[in-house]
There are 2 protein chains.
Amino acid sequence: MGRRPRRAGDKQTGRSDADLGPLAGYVGYVLRRAQSASFRHLERSAGELALTPGQFSQLAAIEANPGINQRRLAALFGLDKSTLSPAMEALVARNLVQRTRAAADARAWSLTLTAQGRQLLARMQARIEAQERIIAATLAPAERRRLVAVLRRIEAALDAAE
Amino acid sequence: MGRRPRRAGDKQTGRSDADLGPLAGYVGYVLRRAQSASFRHLERSAGELALTPGQFSQLAAIEANPGINQRRLAALFGLDKSTLSPAMEALVARNLVQRTRAAADARAWSLTLTAQGRQLLARMQARIEAQERIIAATLAPAERRRLVAVLRRIEAALDAAE
DNA sequence: TATTGTTATACTCTATAACTATA
DNA sequence: TATAGTTATAGAGTATAACAATA
């Protein structure tokens with residue numbers, strides 16, 4: 001008999017050479033795997049900056065929309081206002097975000113970045129862009145822009161579906 | 001003066017017309033949005049089947065690897081064994097998965113689907129494939145296969161990065 | 001009455017550490 | 001000693017509901 005081919009369940013290697021089956025062919029599933037890998041990589045590369053991907057996105061959105069309130073920021077990310085309340089509290093406690101009462105509405109906060117927040121955001125952005133370069137290196141030239149467009153269309157189509 | 005253009009912060013609409021800023025151009029971020037939309041859609045379309053996307057993937061992997069043990073199943077998804085323990089417990093309690101002691105190793109479980117598990121998996125798979133058709137409808141013909149390949153390459157590149 | 005934000009509470013998903021039983 | 005699995009526990013991240021202050 002010839003060499004036995006490597007099979008699922010091979011005790012020698014200890015590696016999980018099990019099979020994903022049909023999962024491996026679903027866009028939804030490979031999307032999840034790629035997204036998880038992006039988070040894992042970002043968490044590793046954030047290191048001493050101690051910013052989660054979610055916190056990065058919140059700082060970036062506040063920079064892009066200075067004076068935004070928590071309701072609008074929550075809506076931008078599809079979160080409930082009660083989720084954003086403690087999240088902003090944590091960024092304020094780290095002196096990354098400044099909350100002042102909105103001039104036009106005393107119920108609402110006006111969110112802006114502090115100097116320290118802008119500086120930390122810039123440092124994190126450099127690491128995000130390093131990740132983007134790793135991603136771009138796997139793509140043919142000009143494929144990156146198409147990928148972004150495709151993913152946006154997928155999001156919109158799924159949110160619009162019954 | 002002419003009509004005022006719609007601006008961020010417009011109180012009339014109540015819509016969050018705030019701006020994602022540079023986030024909107026990052027592959028990592030649009031990946032996250034698309035993946036979240038996929039989960040939301042799947043949770044809606046699962047309905048009375050009461051299966052989460054994670055549970056679906058576990059059933060599918062057990063079907064593809066009958067007799068797999070929990071360690072290998074955990075490794076397949078990058079989870080800790082302690083995460084899988086209660087997850088399998090829940091599927092066994094619903095009579096979807098059968099756990100028997102592995103013949104070759106009395107420490108390990110041998111996981112297989114019950115008839116009920118196979119039937120529920122098949123019903124859920126039909127809904128997954130409905131989602132895949134929604135996704136495919138946003139893509140040019142033959143773009144789907146390329147997207148799957150691209151996402152796999154991105155996952156591999158990020159996991160390999162320092 | 002409606003809206004902005006906070007708080008109490010709970011649920012899901014995940015991990016680490018300590019353990020039991022077996023190899 | 002090492003491995004498969006379980007359990008206790010903890011920490012994110014999320015939501016709903018009830019509430020206070022303001023519109």
Side-chain angles (χ1 to χ4, degrees), chain A residues 9-16 18 32 35-37 39-40 42-44 46 50-58 62 67-93 97 99-111, chain B residues 9-16 18 32 35-37 39-40 42-44 46 50-58 62 67-93 97 99-111:
Chain A
D10 195 328
K11 287 287 171 46
Q12 306 292 15
T13 67
R15 265 183 65 257
S16 179
R32 192 230 257 250
Q35 199 279 322
S36 292
F39 258 41
R40 277 195 303 278
L42 239 40
E43 272 153 15
R44 270 184 285 137
L51 266 194
T52 65
Q55 288 175 320
F56 166 74
S57 67
Q58 290 157 9
I62 292 170
I68 193 172
N69 69 26
Q70 292 185 188
R71 174 187 65 79
R72 289 211 304 133
L73 190 57
L76 188 60
F77 294 120
L79 299 174
D80 192 85
K81 58 191 161 70
S82 71
T83 300
L84 222 66
S85 217
M88 287 305 106
E89 175 57 34
L91 297 178
V92 167
V97 167
R99 260 190 307 204
T100 56
R101 282 298 170 187
D105 188 338
R107 294 170 303 183
W109 291 115
S110 169
L111 303 169
Chain B
D10 195 327
K11 288 287 172 48
Q12 307 291 16
T13 67
R15 266 183 64 258
S16 180
R32 193 230 256 249
Q35 199 280 320
S36 293
F39 259 41
R40 276 194 303 277
L42 239 40
E43 274 153 14
R44 268 184 286 138
L51 266 193
T52 64
Q55 288 175 320
F56 166 74
S57 66
Q58 290 157 10
I62 292 170
I68 193 171
N69 68 27
Q70 292 185 189
R71 174 187 64 79
R72 290 212 303 133
L73 190 57
L76 189 60
F77 294 121
L79 299 175
D80 192 85
K81 57 191 160 70
S82 71
T83 301
L84 222 67
S85 219
M88 287 306 106
E89 176 57 35
L91 297 178
V92 167
V97 167
R99 259 189 309 203
T100 57
R101 282 298 170 188
D105 187 339
R107 294 170 302 183
W109 291 115
S110 170
L111 303 170

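We name chains A, B, ... by the order of the sequence lines, and we start the count at 1 in each one.
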Check: residues 83-91 of chain B side-chain donor-acceptor pairs under 3.5 Å, at least two apart:
residue	atom	partner	partner atom	Å
E89(B)	OE1	R99(B)	NH2	2.8

Item to complete: Find the distance R71(B):CZ to dT6(D):P and express it as a whole number of Å.
Response: 14 Å
Worksheet item: Among the nucleotides dT4(C), dA4(D), dT6(D), which one has an atom lying closest to any side-chain atom of Q70(B)?
Response: dT6(D)
Practice prompt. Applying side chain to side chain contact (heavy atoms under 4.5 Å, CB included), name anything that partners A102(A), two or more places apart in sequence or on another chain.
Written response: A108(A), S110(A)
Discussion item. Applying salt bridge (charged side-chain N to carboxylate O under 4.0 Å, His left out), can you list everything that pairs with R44(A), at least two apart in sequence or on another chain?
Written reply: none
Worksheet item: Can you list the residues that meet the side chain to side chain donor-acceptor pair (under 3.5 Å) rule with R101(B), with sequence neighbours excluded?
Response: none
Worksheet, complete the sentence: Separation between CD (Q58(B)) and CD (Q70(B)), nearest 0.5 Å, reads 10.0 Å
Item to complete: Write down the distance between CD (Q55(A)) and P (dT14(D)), rounded to a whole number of angstrom.
Response: 11 Å
Practice prompt. Work out how much the helix from dT1(C)-dA23(D) to dA23(C)-dT1(D) bends between its end axes, five pairs an end, to the nearest 10 degrees.
Written response: 10°
Discussion item. Which heavy atom of L76(A) sits nearest to which heavy atom of A18(B), and what is that distance?
Written reply: CD1-O, 3.6 Å
Worksheet item: Can you tell me if the side-chain N/O atoms of R72(A) get under 4.0 Å from OP1 or OP2 in dT3(C)?
Response: no
Discussion item. Could you tell me how far apart M88(B) (CE) and dG5(D) (C1') are, to the nearest whole angstrom?
Written reply: 13 Å
Worksheet item: Looking only at side-chain N and O atoms, does R99(B) come under 4.0 Å of OP1 or OP2 in dT6(D)?
Response: yes
Worksheet item: What is the distance, rounded to the nearest whole Å, between atom CH2 of W109(A) and atom C1' of dT3(C)?
Response: 16 Å
Worksheet entry | Closest non-hydrogen atom pair between A50(B) and Q55(B), with its separation | O-OE1, 3.8 Å
Worksheet entry | Shortest non-hydrogen contact between F77(B) and S57(B), atoms and distance | CZ-O, 3.3 Å
Worksheet item: What one-letter contact string describes nucleotides 13-23 of chain C from 5' to 3', where B marks a base within less than 4.0 Å of any protein heavy atom, S marks contact via sugar-phosphate atoms alone, and - marks no contact?
Response: SSBBB---BBS
Discussion item. Rounded to whole Å, how long is the line connecting atom CG of L84(B) with atom P of dA4(D)?
Written reply: 13 Å
Worksheet item: What is the distance from CD of E89(B) to C1' of dT6(D), rounded to the nearest Å?
Response: 10 Å
Fill in: d(CZ, R101(A); C1', dT4(C)) in whole Å
8 Å
Item to complete: Starting at atom CZ of F77(B), determine the distance to atom P of dT12(C), rounded to an integer number of angstrom.
Response: 19 Å
Item to complete: Locate the shortest heavy-atom distance separating L111(A) from I62(A); write the atom from each residue and the value.
Response: O-CG2, 3.7 Å
